[in-house]
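Below is the structure I would like to discuss, written out as structure tokens.
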Amino acid sequence: MSSPSHTSPSPLKELTLEAIVDLLREQGMRITGSRLQILRCMLVAERPLSLDEIQEQCCHQDVSPDHATVFRVMNLLEKLKIAQKVNLNRSCSYFELLDPKQHYDHIVCTECGRITLMIDSCPVEKYERTIAKQYGYSELRHSLEFYGICPDCTEDS
Ligand SMILES: [Zn+2]
Ligand SMILES: [Zn+2]
């Protein structure tokens with residue numbers, strides 16, 4: 001049996017703080033207050049965040065990680081396939097956590113850069129199987145980026 005189509009490559013069964021912490025511990029990472037802060041910040045984020053934004057959001061708390069810590073944690077999460085980079089043709093990378101139950105297609109506002117996650121409306125889901133069959137690939141995944149002008153920016157103009 002091949003794994004179900006349309007899933008993220010995350011090794012986690014579900015995306016919770018406990019599950020991530022357990023996995024990081026297995027990798028030998030010491031879970032400090034500021035590292036926990038980064039994870040909490042990523043878990044509540046409603047859109048992909050840049051490294052600067054992650055650090056900024058963590059500063060409001062009593063323990064604030066430095067830039068190097070944010071960089072290290074996010075790169076480890078990416079390596080472990082718990083997070084992914086959303087590149088969006090920009091100079092800096094945006095990160096988001098990968099929920100194994102969620103699928104990731106985005107709409108990007110070309111005016112303000114806002115990134116909206118498309119929920120339950122993947123336009124190509126049904127083609128994945130066809131493509132996999134035609135080209136002989138297994139475990140096919142994809143991530144789409146649509147570009148447009150968001151409701152706020154449309155209102156402003
Ligand atoms: Zn916008
Ligand atoms: Zn999709």
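All ligand and atom numbering here is 1-based and tracks the order in the structure.
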*Single-linkage hydrophobic cluster, 4.5 Å side-chain cutoff, I115 and L43 together*: no
*What is the minimum heavy-atom distance between L36 and V21, and which atoms define it?*
CD2-CG2, 3.9 Å
*Should we say atom CD of E46 is surrounded by more than 12 heavy atoms from elsewhere, each under 6.0 Å from it?*
no
*Given SG of C122 on one side and NE2 of H142 on the other, what angle do they make at the Zn ion (ligand 2), to 10°?*
110°
_Please determine whether E125 has a backbone or side-chain N, O or S atom lying under 2.8 Å from the Zn ion (ligand 2)._
no
*Only one of V108, I107, D152 forms a side chain to side chain contact (heavy atoms under 4.5 Å, CB included) with R114, so which one is it?*
D152
*Geometry at the Zn ion (ligand 1) - C109 SG versus C112 SG angle, rounded to 10 degrees*: 110°
*Considering just N/O/S atoms, say which atom of D105 is closest to the Zn ion (ligand 2).*
OD2
